[in-house]
Amino acid sequence: MRGLSGNRTSVGPLDYIHQGWMKLTLGLSFVFLYSPLLILVIFSFNDSRRNIVWRGFTTKYYEKAWNNDGLIEAFANSLTIAFFCTIISTILGAMVALLLWRFRFPLKGGYEGAMTLPIVIPEICMGVAMMAFFSRVGWSSGLVWPFNLSAITIAHISFCFPFVAVIVRARLANFNLELEEAAKDLGASEWQFFRDIMIPFMKPGLIAGALLAFTLSLDDFVITFFTSGPDTVTLPVKIYSMVRFSVTPEINAASTVLIVITLLLTTIALWLQSRAGQKLGH
Amino acid sequence: MLGIPPGIWLTVFFIIPLSLIWLFSFGEKRGLVDIDLTWTMTNYVRAMDPLYLQIFLKSFWFAGITTLVCLLVAFPIAIAITFAPSRIRPILLLLVILPFWTNLLIRTYALIAVLRTKGYVNFGLEYLWDGLHAILLFFGMDPSGLIGERFTPAPLLYNNFAVVFGLVYVHLPFMVLPLYASLDRMDRSYLEASLDLGATQLRTFLSITVPLAMPGIISGVIITFIPALGSFLTPDLLGGTDSQMIANVIERQFKSANDWPFGSALSFILMYITFFVLAARALFSKRGSSMEAG
């Protein structure tokens, strides 16, 4: 369909991007989207507490954040939760994806619908439900580290693995079924086929899904806010309480670290996915 | 076999917690922590109290304006990306998505520094004011009558404006992506035909582009409206006392007010609204596709 109008070399009436107002809109939109974040990052290096006029470059707020025990503990908690959440979510998500891709079974629509519920319901509802559940079950929060983080980790897995399932399933949709016939013809057992064909094929999807789960877990505030206790604070919850207290360059420094980690992981995930897509194209 | 572990996980750590607050919403508070399940409807009746009804209306109003502003801002962005050279298109798309991957809390916090009384917007306004002041003095006019004695910072934070601004900032990528997806699929020869036959750009946009992009518009409106309606952080950090949304009331019932049955009822009303919007969308898209087939 697009081939009919694929001639993009001539500057015609459809060349909206080359019209001044379009460029202006695009430019202003990116200024709108990026300037608050850029200002936040730039002023984490600003040598002034008032945080508004540039007074010279400093990394002292990073040092200060590094020496803030509460902040570092929260960061360690966040990474621990994200680590366990990623492992379990990836396994559960891959299972859902394989099941929905490969098998037909009664109530499949219902199962599929239930698996998308954690993606669609408002975060606040899931947060309060988790809070009510863990307090009613009497989930112990007085355990030793890292077991005291189990409630938050469980809540994170519940909303992360459906996302992993979506990503892995998108990957599986491109699977060439002839590969299975070939493998079985050549005498591979179900297990061999799974280990030598399916797992390698799913790998880019699994990695992208795992990175997504890690970022979602690391970034989550609302659901964690309802499941965390005084001893189980994560980085976003800690930043939230600092923001409520006062706006300081130290928060900018902690935020910048979190932004960099997230952007790095996302870029890797996107790169892996596009590379996998390109391989398919050849 | 494969479906059992995730199924169990979802049941135990998702369906049961939701069922629990569903039951709570029909219960009554007894003492500090005890809730008696009496199948009472009082919690739902209380949610219809003008005080809470007003907050629901306000949430709809905020989410509605946010969706509309996002649609108006996102449409030119989506068109520009669609018609950009294919070389830079992925870069533009990535630029739209990247902020979306940044932590919601951090994005909201970044806005505080921009909007507050001594923030960057007011800093810029003060700079302009000073300039204007100097120009007026230069021309021998009395500035105090025209622009006031002193610069008064614009109240941009802790009010309804800040909440809507924050919601638009956070949800804009949600609107751009589905619009782009449907515009990208559009057959451009329709646009060429329309322009060839003498229609203006505006006429072409309204009679060709908008109808063809309708599935994307509907998806965008829904995936912007639903999270905006249930927003907690944006009104919490950027809003004033009178710009609370429904999620803030729910949070208060579960934390400081400690009235779980009422908070549960409010949560379920919010969820029913979400499901209603999604169901309406599903119905709409089914009808749309059957019309296309016919």
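Reminder, nothing fancy here: chain letters follow the sequence lines and each chain counts from 1. Quantities reported herein were computed from a predicted structural model and do not represent experimental measurements.
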Which heavy-atom pair separates [X] from [Y] by the least distance, and what is that distance?
X: B:Leu105; Y: A:Pro236; result: CD2-O, 3.0 Å
X: B:Phe13; Y: A:Met130; result: O-CE, 2.6 Å
X: B:Ser267; Y: A:Val128; result: OG-CG2, 3.5 Å

Side chain, backbone, both or neither: which part of [X] has a non-hydrogen atom closer than 4.5 Å to chain B?
X: A:Leu37; result: both
X: A:Val137; result: neither
X: A:Leu117; result: both
X: A:Leu216; result: neither
X: A:Phe221; result: side chain
X: A:Leu40; result: side chain
X: A:Val96; result: both
X: A:Val222; result: side chain
X: A:Ser135; result: side chain
X: A:Leu212; result: side chain
X: A:Ser255; result: both

What part of [X] is in contact with chain A, defined as an atom under 4.5 angstrom from a non-hydrogen atom: side chain, backbone, both or neither?
X: B:Val176; value: neither
X: B:Ile77; value: both
X: B:Phe275; value: side chain
X: B:Pro227; value: neither

Of the listed residues ([options]), which shares the most heavy-atom pairs with chain A below a 4.5 Å separation?
options: B:Arg107, B:Lys255, B:Gln253; result: B:Lys255
options: B:Leu98, B:Thr108, B:Val73, B:Leu278; result: B:Leu98
options: B:Pro6, B:Gly3, B:Ala110; result: B:Pro6
options: B:Ser19, B:Pro17, B:Gly7, B:Pro173; result: B:Pro17
options: B:Thr11, B:Leu95, B:Leu237, B:Leu233; result: B:Leu95

Within a strict 4.5 Å, meaning less than it, do heavy atoms of the [X] and [Y] side chains meet?
X: A:Met22; Y: B:Phe83; answer: no
X: A:Phe161; Y: B:Leu10; answer: yes
X: B:Pro5; Y: A:Leu92; answer: yes
X: A:Phe133; Y: B:Ile21; answer: no
X: B:Phe24; Y: A:Arg136; answer: yes
X: B:Met245; Y: A:Ile124; answer: no
X: A:Asp219; Y: B:Leu104; answer: no

Look at [options] and state which one has the largest set of heavy-atom pairs under 4.5 Å with chain B.
options: A:Glu123, A:Met115, A:Met126; value: A:Met115
options: A:Ile154, A:Ile259, A:Thr267; value: A:Ile154
options: A:Leu218, A:Leu100, A:Ile157, A:Leu98; value: A:Ile157
options: A:Ile39, A:Ile88, A:Thr25; value: A:Ile39
options: A:Phe159, A:Phe225, A:Phe226; value: A:Phe225

Salt bridge (charged side-chain N to carboxylate O under 4.0 Å, His left out) between B:Asp236 and A:Arg244, intermediate numbers included: CA-CA 10 Å; B:Asp236 186 59; A:Arg244 301 246 61 180; 3.6 Å; yes
Can you tell me if [X] has over 12 outside heavy atoms packed within less than 6.0 Å of its [atom1]?
X: B:Tyr190; atom1: OH; result: no
X: A:Tyr34; atom1: OH; result: yes
X: B:Arg203; atom1: CZ; result: no
X: B:Tyr272; atom1: OH; result: yes

Drop me the distance from [X]'s [atom1] to [Y]'s [atom2], to the nearest 0.5 angstrom.
X: A:Thr266; Y: B:Leu94; atom1: OG1; atom2: CG; result: 9.5 Å
X: B:Thr102; Y: A:Leu263; atom1: OG1; atom2: CG; result: 5.0 Å
X: A:Ile121; Y: B:Ile226; atom1: CD1; atom2: CD1; result: 12.0 Å
X: A:Ile239; Y: B:Tyr109; atom1: CD1; atom2: OH; result: 9.0 Å
X: B:Ile4; Y: A:Leu99; atom1: CD1; atom2: CG; result: 9.5 Å

Identify, with sequence neighbours excluded, every residue that meets ring-ring contact (aromatic ring centres under 6.0 Å, His included) alongside B:Tyr169.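 Partners of B:Tyr169 under the ring-ring contact (aromatic ring centres under 6.0 Å, His included) test: A:Phe32.
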Residues forming a ring-ring contact (aromatic ring centres under 6.0 Å, His included) with B:Phe254, sequence neighbours excluded: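 Testing B:Phe254 for ring-ring contact (aromatic ring centres under 6.0 Å, His included), a comparison that skips the adjacent residues, returns B:Trp260.
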Do side-chain atoms of A:Ser158 reach the backbone of B:Phe14 as a donor and acceptor pair under 3.5 angstrom?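 Between the backbone of B:Phe14 and the side chain of A:Ser158 there is no qualifying donor-acceptor contact (under 3.5 Å).
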Which residue, B:Ile106, B:Leu115, B:Val114, forms the side-chain contact (heavy atoms from CB on, under 4.5 Å) with A:Pro36?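 In the set B:Ile106, B:Leu115, B:Val114, the residue that makes a side-chain contact (heavy atoms from CB on, under 4.5 Å) with A:Pro36 is B:Val114.
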Give the interface residues of residues 103-111 of chain A toward chain B, defined by a heavy-atom separation under 4.5 Å.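 Contacts with chain B: A:Phe103, A:Tyr111.
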By side-chain hydrogen bond (donor to acceptor under 3.5 Å, both in side chains) - contacts of B:Glu126 (at least two apart):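 With neighbours one apart ignored, the set is empty.
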